[in-house]
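The structure under discussion appears below in the form of structure tokens.
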Amino acid sequence: MTEEFTPLPAVVRDVYDVVVARNPHEPEFQQAVHEVLDSIVPVLEAHPEFVANGIVERIVEPERQIIFRVPWTDDAGGIHVNRGFRVQFSSVLGPYKGGLRFHPSVNLSIIKFLGFEQIFKNALTGQGIGGAKGGSDFDPRGRSDAEIMRFCQSFMNELYRHLGEHTDVPAGDIGVGAREIGYLFGQYRKVTNRHESGMFTGKGVQWGGAEVRTEATGYGAVFFAEEMLAVHSETFEGKRVAVSGSGNVAIYAIDKAYQLGAVPVTASDSSGYVVDDAGIDLDLLRRIKEVERGRISEYVLARPDARFVEGARPWEVPVDVAIPSATQNELDESDAQALIANGVRAVAEGANMPSTPGAVAAFQKAGVLFGPGKAANAGGVATSALEMSQNAARQRWSFSDSEAKLRAIMQRVHDSAYAAAERYDRPGDYVVGANAAGFERVAHAMLAQGVI
Ligand code: NDP
Ligand code: 2IT
């Protein structure tokens, strides 16, 4: 991060200064807090009771932070030690809820930024879920199934005591998919002697998982973009789409974009991107990434007309819609300028905080429809909450009913962000709209529940 943040108005500046002083080596957390504080200034002006009751001072400090040792043994008998995290940020709206990330870059700053964002995202869904995030600096790449299982078991040997269907309900994120959730859930069941379906979401559909949870984040991001376009009487039909990443979110964003008549032309991983002007071959991508757990460069071996561009990001490809779906700060100001110069119309963030502050400012200045992750990727956690409902009621809803519910939720998320932006005199600004709408709900609940 080399971009400077813009100065904050007086009403939130002191709180931000305390955050920076108290969390000095946490640039991602500072970035996420800065964006929210900047957006909620008009809310605080309209609600002096939020200021008088220290709502902002309290919400920037996690309710609880857990850091623990995760020792495990590799297939050759070597001993490894990773660090595990769970940051339980806010339970004012419901049990802590948010994913687990396994990636070598994971540290406290990244988990705190994700947990902080999760509070407002979850509030925006309208459901009863608090905000949390967790994970480890474990690198799953190149590890055998047995090593992944032993790591997950060791991770859960500590984390289980902090979880529960009414306490804290994790799910997946980068590096944590169906396989890992199976091992984590299995170990929770073993050490607690409880088959507690509602303590984890993203479970296999054969053992308590919900239909559409796998697809939900990618589908939801496309639904959100569809809503933004619809405000301007536009659709996805015939539009070229750039997607980054090739994991859970990216694959189902590509899938839904096709279903709406668009042509997704890119996918990527940390080694580079592929561009396929005929449209990404989704079956091939899924085989490489989901079955073989391979690299994106293998795509061009089977598609000679496609190109692999090593060490670059797909934002230089001319498209109408961009859906960044890999990781934080993967789209900077110069990437945004390239997209704008090529005529991009809409950007919907499938990932969490993929656009840097400079990129967001550039999109907004150029009049590009910009859907921030808190709103655009809320379909994943919203469908997790549907999974919790089904588990509590011992029900199982069909794929088509669940997708219709997701579609309606994304419409509501869009409409509440849109309406809040109008209310606070920032029409079309979905960053202010999403942050303001999410924050208002959290702040009212904090006010009602007292100083705790
Ligand atoms: P996956 O692990 O399934 O896929 C992650 C993808 O992003 C991979 O292609 C990976 O490539 C790429 N990636 C990860 N780190 C980097 C990096 N540092 N630089 C470049 N590429 C990178 O994760 P998901 O698809 O689940 O998550 C993607 C994003 O969506 C994350 O920001 C996550 O927080 C967010 N999200 C996920 C939700 C979900 O339900 N899963 C819900 C809401 C948001 P490589 O294999 O080379 O690392
Ligand atoms: O960032 C996110 O919203 C997620 N990784 C999903 C969280 C969840 O609990 O489903």
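We count ligands from 1, going down the list as the structure has it; atoms in each ligand are counted the same way.
- Put simply, the residue from Phe185, Tyr188, Phe200 that forms a ring-ring contact (aromatic ring centres under 6.0 Å, His included) with His195 is Phe185.
- Residues Asp145 and Arg293 are not paired through a salt bridge, judged by the lack of any N-O separation under 4.0 Å between the basic side chain and the carboxylate.
- Near ligand 2, heavy-atom contacts under 4.0 Å come from Lys97, Gly98, Gly99, Gln118, Lys121, Lys133, Ala171, Gly172, Asp173, Arg213, Asn352, Gly380, Val381, Ser384.
- Partner Phe155 forms a ring-ring contact (aromatic ring centres under 6.0 Å, His included) with one of Phe102, Phe85, Trp72, Phe138 and no other, that one being Phe102.
- Comment: Glu226 does not engage Lys239 in a salt bridge, judged by the lack of any side-chain N to carboxylate O separation of less than 4.0 angstrom.
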Can you give the donor-acceptor pairs under 3.5 Å from side chains of residues 347-355 to other protein atoms, not counting sequence neighbours?
unit_1	atom_1	unit_2	atom_2	d
Glu349	OE1	Gly373	N	2.8
Glu349	OE2	Ser355	N	3.1
Glu349	OE2	Ser355	OG	2.6
Asn352	OD1	Lys121	NZ	3.0
Asn352	OD1	Asn377	ND2	3.1

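- In the model, Arg189 has no side-chain atom that pairs as donor or acceptor with a side-chain atom of Ser197 under 3.5 Å.
- Not a single salt bridge (Lys or Arg N to Asp or Glu O under 4.0 Å) links Asp38 to another residue, sequence neighbours left out.
- Side-chain N/O atoms of Tyr160 and Gln187 include no donor and acceptor closer than 3.5 Å.
- Gln153 and Asn157 share no side-chain donor-acceptor pair at under 3.5 Å.
- Contact shell of ligand 1 (protein heavy atoms, cutoff 4.0 Å): Arg101, His103, Lys121, Arg141, Asp173, Ile174, Gly175, Arg213, Thr217, Gly245, Ser246, Gly247, Asn248, Val249, Ser268, Asp269, Ser270, Arg295, Ser325, Ala326, Thr327, Gly350, Ala351, Asn352, Asn377.
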